[in-house]
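In the text below, chain A, chain B and the rest are named by the order of the sequence lines, each starting its count at 1. Because the structure is a prediction, the values reported are computed rather than measured.
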Amino acid sequence: MPELPEVEVVRRGLEKQLLGAKIKEVEVFFPGSLRGQDIKRFCAALEGWTITAAVRRGKFLWLLGEDREGQQTLYSLVIHLGMSGQLLINQPQIELSHKNQGHLRVRLTMEDDRTVNFVDQRTFGRMVVEPLVETRDKKPGGLGAGSHLVPRNVELNVARDALDPNVDLEKISSTVRKRKSSIKHSLLDQKLVSGIGNIYADETLFASGINPGQRADSLSEAQIQELFKTAGAIMKTAIKHGGTSFDELYVDTSGNPGYFEQELKVYGRGGESCKTCGTTLEKLQQSGRTATYCPQCQPLQD
DNA sequence: ACCAACCCCTGGCGGC
DNA sequence: TGCCGCCAGGGGTTGG
């Protein structure tokens with residue numbers, strides 16, 4: 001399931017393969033992926049568009065482009081992969097596998113006849129044409145473009161992520177410090193710091209020796225800042241491994257999985273033994289998600 | 001402002 | 001062997 005590292009690997013694939021490419025045709029096979037947008041308008045906004053940048057903030061990805069006259073458009077194509085979204089770039093005449101074909105939701109065909117296939121089994125992903133606005137702090141909106149323009153829905157709902165050089169960890173830790181809910185809840189809060197999902201939240205808490213049920217207001221600001229830095233470090237390493245392909249639904253733009261699953265210490269290992277101390281890892285329900293942790297290495301502190 | 005609950009969806013799995 | 005029900009997950013919305 002794509003979190004920041006997986007989305008970043010996809011972004012790099014798009015950047016490498018699609019910059020300067022022009023969209024010839026847009027086909028929508030599953031309107032639900034457009035989340036209520038008018039299909040004709042969606043297609044018209046993108047046909048004839050030349051892709052100029054692939055940008056990411058947290059788990060949100062967007063493409064910038066120029067119209068037929070070479071003018072930068074004031075809208076972007078925002079993509080969220082959800083649980084199972086894939087962006088598969090195929091060379092001309094290469095068809096999708098039978099299985100992927102059945103989950104093909106949107107296809108962009110480029111002038112050179114390559115296709116960009118949005119394949120999404122569980123349909124939690126989406127593609128939305130969204131107007132661009134200026135960032136509140138006038139700093140670059142995400143990774144992949146110098147521009148301080150950012151899709152409106154991203155600016156409203158998605159905070160800077162843990163790997164963003166402009167993330168304000170001091171401000172964030174002072175906010176978290178006041179919260180009564182669990183620290184894991186704050187790690188997963190995309191309006192606070194974006195990009196962290198259940199896999200990297202559990203891995204971060206294990207690496208920090210903090211129990212997922214620990215109340216946020218029981219930690220110091222220094223501990224909280226350290227926690228977000230640890231999350232960033234783990235995600236950076238995960239990017240180097242090509243991301244985590246836990247349930248084989250995550251692949252890059254060429255269809256290749258990542259190999260960080262082998263490095264996971266706790267996520268998905270409930271009932272197995274801790275790689276550090278051998279204690280049986282436990283699971284608990286937290287903010288509607290399963291938290292897996294080591295009761296020995298991550299004791300509740302008062 | 002903050003927070004919990006619920007919904008969206010499909011495939012894989014355990015139980016019978 | 002097949003069928004049923006449960007679970008996994010992020011984000012948007014709603015209601016408290």
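- Every pair tested for ring-ring contact (aromatic ring centres under 6.0 Å, His included) that includes a residue from residues 116-158 of chain A fails, sequence neighbours excluded, so the list is empty.
- For the segment residues 188-197 of chain A, residues with any heavy atom less than 4.0 angstrom from an atom of DNA chain C are, sorted by number, A:Gln190, A:Gly197.
- Chain A approaches DNA chain B over the interval B:dC3 to B:dG11, counting the first and last nucleotide 5' to 3' with an atom under 4.0 Å from its heavy atoms.
- The backbone N or O of A:Val129 sits less than 3.5 Å from a side-chain atom of A:Gln37, completing a donor-acceptor pair.
- Atom CD of A:Gln93 has 12 or fewer neighbouring heavy atoms from other residues, nucleotides or ligands inside a 6.0 Å radius.
- Contacts of A:Tyr267 with the nucleic acid, taken as non-hydrogen atoms under 4.0 Å apart, involve only primed sugar atoms and P, OP1 or OP2.
- Every residue two or more places apart in sequence or in another chain that forms a side chain to side chain contact (heavy atoms under 4.5 Å, CB included) with A:Thr115 is listed here: A:Asn90, A:Arg107, A:Thr109, A:Asn117.
- Sparse packing is recorded around NZ of A:Lys283, with 12 or fewer heavy atoms of other residues, nucleotides or ligands lying under 6.0 Å away.
- Extent of DNA chain C lying under 4.0 Å from chain A heavy atoms, first and last nucleotide in 5' to 3' order, is C:dA8 to C:dG12.
- Although no hydrogens or angles enter the test, the distance criterion places no donor-acceptor pair under 3.5 Å between the side chain of A:His241 and the main chain of A:Gly243.
- Residues that satisfy the side chain to side chain contact (heavy atoms under 4.5 Å, CB included) test with A:Val158, not counting sequence neighbours, are A:Arg57, A:Phe60, A:Val154, A:Ser194.
- Near-neighbour residues of DNA chain C inside residues 119-136 of chain A, defined by a heavy atom below 4.0 Å, number-ordered: A:Arg122, A:Phe124, A:Arg126.
- In this structure, A:Phe206 shares a hydrophobic cluster with A:Val266, A:Leu281, the cluster being traced through Ile, Leu, Val, Met, Phe, Trp and Tyr side chains under 4.5 angstrom apart.
- Legend: residues meeting side-chain hydrogen bond (donor to acceptor under 3.5 Å, both in side chains) with A:Arg35, ordered by chain and number and at least two apart, are absent.
- Counted within 6.0 Å of CG on A:Leu156, heavy atoms from surrounding residues, nucleotides or ligands total more than 12; the atom is thus considered enclosed.
- A salt bridge does not link A:Asp189 to A:Lys191: none of the charged side-chain nitrogens sits closer than 4.0 Å to a carboxylate oxygen.
- The residue from A:Glu155, A:Arg136, A:Glu134 that alone fulfils the side-chain contact (heavy atoms from CB on, under 4.5 Å) condition with A:Val150 is A:Glu155.
- The backbone N or O of A:Gly195 sits nowhere less than 3.5 Å from a side-chain atom of A:Asp161 that would complete a donor-acceptor pair.
- Among the heavy atoms of the strands lying under 4.0 Å from A:Thr290 are primed sugar atoms or P, OP1, OP2 only; no base atom is included.
- For the helix from B:dC2-C:dG16 to B:dC16-C:dG2, the axis fitted to the five pairs at one end and the axis fitted to the five pairs at the other end meet at an angle of 50° (nearest 10 degrees).
- Remark: A:Arg11 engages A:Glu8, A:Glu15 in a side-chain hydrogen bond (donor to acceptor under 3.5 Å, both in side chains) (not counting sequence neighbours).
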Side chains of residues 210-219 of chain A: which donor-acceptor pairs under 3.5 Å do they make with residues two or more places apart or in other chains?
unit_1	atom_1	unit_2	atom_2	d
A:Asn211	OD1	A:Gly213	N	2.8
A:Asn211	ND2	A:Gln298	O	2.9
A:Gln214	OE1	A:Gln301	N	2.9
A:Gln214	NE2	A:Ser218	OG	2.8
A:Gln214	NE2	A:Gln301	O	2.7
A:Arg215	NE	A:Asp217	OD1	3.2
A:Arg215	NH2	A:Asp217	OD2	2.9
A:Ser218	OG	A:Arg215	O	2.6

